[in-house]
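First comes the structure, then the notes that go with it.
Just so it is clear: chains get the letters A, B, ... in the order the sequence lines come, proteins before strands, and each one is counted from 1.
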Protein chains: 2
Amino acid sequence: MLIKNDFDVRRLLACPPPTLRILTSAPNLNFHPTLDLTDRSSIMPAMTPDIDTRTRILLTAREMFHGRSYSDVGIQEICDAAKVQKGSFYHFFPSKRELAMAVIDNMADDWAYGFVAEAFDPDLPPLVRLDYMIDAAYYWQVAASNMEGRMPGCLFGNLALEMSTRDDVMRAKLNAVFNKAMNKFRVTLDEAVKNGSLAAMDTEATATAMLAYLEGIILLAKTRNDPKVILHLGPAIKTLRIELSH
Amino acid sequence: MLIKNDFDVRRLLACPPPTLRILTSAPNLNFHPTLDLTDRSSIMPAMTPDIDTRTRILLTAREMFHGRSYSDVGIQEICDAAKVQKGSFYHFFPSKRELAMAVIDNMADDWAYGFVAEAFDPDLPPLVRLDYMIDAAYYWQVAASNMEGRMPGCLFGNLALEMSTRDDVMRAKLNAVFNKAMNKFRVTLDEAVKNGSLAAMDTEATATAMLAYLEGIILLAKTRNDPKVILHLGPAIKTLRIELSH
DNA sequence: TCCAATTTTGACCGACCGGTCATCTAAAGC
DNA sequence: GCTTTAGATGACCGGTCGGTCAAAATTGGA
């Protein structure tokens with residue numbers, strides 16, 4: 001059982017917090033979540049007009065940016081889906097760009113306090129955390145895949161490739177998100193080295209390599225539209241090593 | 001000396017073939033190309049109106065799609081840069097989408113017969129080919145970086161993340177490009193296993209993992225806007241291993 | 001109850017999007 | 001010389017883009 005509990009797919013998929021479910025799974029085996037992931041009726045932000053307008057815009061945009069791309073999604077389309085007038089949109093967000101920034105922050109928070117926090121649980125043995133992270137990524141893509149019919153990949157990776165050459169501030173913001181994630185890996189590796197389960201290495205470089213690998217397999221899985229790629233290639237993340245430069 | 005000769009940056013950067021230059025370098029050290037990469041005057045397709053219109057459109061589009069993104073680049077903009085009327089554009093390409101398809105084919109060809117062929121030279125020891133590939137990726141990004149001021153990353157990776165959820169045919173095409181690249185890795189690994197420089201492994205899975213890692217470090221390098229990330233993390237590609245499932 | 005601030009509305013803006021088309025030009029084949 | 005055809009031209013299409021705005025509706029505090 002890797003994904004232990006309180007793992008809320010709906011939140012990750014830009015949805016208002018539903019009742020929590022307990023998800024169980026065997027490591028690197030298909031999950032059998034209790035959620036009916038084909039039922040989208042309850043998870044669209046627009047369907048729950050009780051949440052405030054700004055949040056509705058934010059979550060709708062997040063889902064659309066994630067499933068498509070920044071340029072491909074128009075403000076009008078976001079407003080329609082969020083059941084908000086365009087004028088209202090510009091009351092809460094000065095521009096599309098600033099919306100994207102807010103989306104990144106929002107997703108980064110959900111990420112950090114969601115399944116990333118769970119995967120990098122200090123109570124878990126360091127190396128198990130790596131498997132956990134792969135597992136979570138896989139499960140997360142399967143869930144999204146079942147809902148949208150296609151793998152959305154990693155929002156940060158998507159935006160990074162799309163926006164890095166167009167907006168340096170957004171690039172830096174995405175880079176900061178990646179750095180935070182890298183640090184989770186680094187702390188884990190440091191601990192593994194300390195307790196002897198791994199030989200001494202350049203933990204920062206290796207952590208960065210692991211993050212790159214994670215993004216890489218998600219990219220490839222998305223291109224194949226097959227989340228199983230993550231399961232298949234993921235465990236090899238533990239073989240990555242960069243020695244200390246002397 | 002990894003990048004040995006006939007390595008034509010200008011072609012890779014969507015340019016008409018100039019006179020070839022001999023480039024020399026030490027493995028995993030900064031290259032010192034003989035090209036003045038800050039001089040863009042001679043490499044813009046539009047500046048050489050002697051090449052035929054279709055090619056001019058193709059190469060201009062390739063450069064723009066690579067440096068920005070599919071959605072961000074408009075047909076009018078491509079036509080202006082290629083010094084072509086919009087009507088002429090639609091004489092050669094039925095749609096923007098088909099242009100992108102042609103761009104992918106064109107880049108894939110240049111790639112396969114360009115520095116990929118050079119990196120995976122059968123005369124090189126298998127493991128050296130991997131270093132060569134990393135080196136080529138690094139040099140290629142540095143060159144593009146020097147010209148554009150920012151890292152464009154991998155055209156295929158960029159398009160894959162942008163288009164996979166929007167166009168299944170384009171996704172499949174990009175997937176085919178990745179599969180071809182994966183096969184280069186696989187053949188290399190098979191050879192390495194055969195000659196004993198690597199222990200037996202699942203070469204297909206490991207090859208896929210290596211490709212994913214390559215795309216991953218390019219993604220991260222682009223997000224940091226620093227090609228050196230490729231040099232720093234790249235060599236760890238050789239540590240990736242996926243065992244044969246028994 | 002009244003006021004002031006917040007939020008919502010929907011019409012509107014100019015620019016640009018991908019794409020069409022009738023017309024013109026120029027070269028090739030005979 | 002004449003015809004056929006590939007290529008080039010630039011005006012034009014409906015639609016959508018991101019963004020604006022004045023006015024109306026709603027809210028909450030005094």
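Contact annotation: B/Q85 side-chain N/O to D/dA8 OP1/OP2 distance is not under 4.0 Å. The side chain of B/Y90 places no N or O atom within less than 4.0 Å of a non-bridging phosphate oxygen (OP1 or OP2) of C/dT20. Residue B/H91 places at least one side-chain N or O under 4.0 Å from the OP1 or OP2 atom of D/dG7. Listed pair B/T53 / D/dG7 fails the phosphate criterion, with no side-chain N or O lying under 4.0 Å from OP1 or OP2. Of the side-chain N and O atoms in A/S95, none sit less than 4.0 angstrom from OP1 or OP2 of D/dG18.
Atom CZ of A/R97 and atom C1' of D/dG18 are 14 Å apart (whole Å). For the pair B/E77 CD and C/dA15 P, the interatomic distance rounds to 17 Å; values are reported in whole Å. When rounded to the nearest whole Å, the span between CG of A/D80 and P of D/dT16 equals 11 Å. For the pair A/K83 NZ and C/dT9 P, the computed distance is 12 Å after rounding to whole Å. Going from atom CZ of A/F93 over to atom P of D/dG18 covers 15 Å, rounded to whole Å. The interatomic distance linking B/I75 (CD1) with D/dC13 (C1') rounds to 14 Å, in whole Å. What separates CZ of A/F89 from P of C/dC12 is a distance of 22 Å, to the nearest Å. As rounded to whole Å, 12 Å separates atom C1' of C/dA15 from atom CD of B/Q76.
A/G74 comes within 4.0 angstrom of the backbone, heavy atoms only, and of no base.
Classified by interplanar angle (parallel below 30°, tilted 30° to 60°, perpendicular above 60°), the ring pair A/F178/A/F156 is perpendicular.
Residue side chain A/K86 does not reach the base of C/dG10 through any donor-acceptor N/O pair under 3.5 Å, judged by distance alone.
Of the two residues near DNA chain D, B/S88 and A/D72, the one whose nearest nucleotide lies more 5' is B/S88.
Between A/L159 and A/H66, every side-chain heavy-atom pair lies at or beyond the 4.5 Å cut-off.
In this structure, a donor-acceptor pair under 3.5 Å is present between the side chains of A/R224 and B/N179. Between the side chains of A/N106 and A/R62, at least one donor N or O lies within less than 3.5 Å of an accepting N or O. With 3.5 Å as the limit, one finds a donor-acceptor pair spanning the side chains of B/Q76 and B/D80.
Of the candidate nucleotides C/dT8, D/dG19, C/dG18, C/dT8 has the atom nearest to the side chain of A/F92.
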